[in-house]
Amino acid sequence: MDLIEDLRIIDWAIIGAFFIITLLIGLAFSKKGTGSLTEYFVAGRKMHWFVAGTSIVATSFAADTPLVISGWMRTVGLERNWFWWGAIMGMMLCAFFFARLWRRANVLTDIEFNELRYHGMPAAGLRMFHATYRSII
């Protein structure tokens with residue numbers, strides 16, 4: 001049986017309502033992010049540092065994360081879970097130790113931070129390496 005053929009009117013209504021609600025939320029918040037780059041990328045610097053840091057950690061979770069963890073448990077065993085827990089603990093420590101400092105540096109991107117930290121040719125070289133690395137990998 002085909003999945004599309006099995007959908008009833010109520011199923012299509014729920015799917016349609018989901019897309020309409022998502023679109024309306026996007027349109028409602030689209031005006032908030034059009035003021036400036038700072039408003040768009042860092043919410044106008046109005047968030048507390050711990051909220052911004054926690055959101056950085058939250059972006060590491062994706063729809064495939066439970067699948068990866070389940071696969072690790074099945075193939076390697078429980079000890080592989082410590083790899084995952086170690087990464088989570090490391091990300092949280094970085095968020096709580098460095099988010100406040102990142103905000104105090106008043107930068108939007110890591111490239112901006114590198115430009116602030118290094119000057120001249122080293123900064124240009126690092127920026128070029130970073131751009132090349134991120135565009136290829």
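Keep in mind it's a predicted model, so treat the numbers as computed, not measured.
Contact between Arg8 and Asp11 at its shortest, heavy atoms only, is N-OD2, 2.9 Å. Heavy-atom minimum distance, Met73 versus Arg80: CE-C, 4.1 Å. A pairwise comparison of heavy atoms in Ala105 and Phe113 identifies CB-CD1, 4.4 Å as the closest pair.
Under the 4.5 Å side-chain contact rule for hydrophobic residues, Phe83 and Ile69 share a cluster. No path of Ile, Leu, Val, Met, Phe, Trp and Tyr side chains, each step under 4.5 Å between heavy atoms, connects Leu67 with Val76, placing them in separate hydrophobic clusters. There is no path of hydrophobic side-chain contacts, each under 4.5 Å, that joins Met128 to Met121. Two different hydrophobic clusters hold Trp12 and Ile20 under the rule that ILVMFWY side chains link at heavy-atom gaps under 4.5 Å. By the criterion of side-chain heavy atoms lying less than 4.5 angstrom apart, applied directly or through intervening Ile, Leu, Val, Met, Phe, Trp or Tyr residues, Leu27 is not grouped with Phe19; the two fall into different hydrophobic clusters.
Environment of CG in Leu24: crowded, with over 12 heavy atoms of neighbouring residues, nucleotides or ligands closer than 6.0 Å.
By the 4.5 Å heavy-atom criterion applied to side chains, Tyr133 and His130 are not counted as neighbours.
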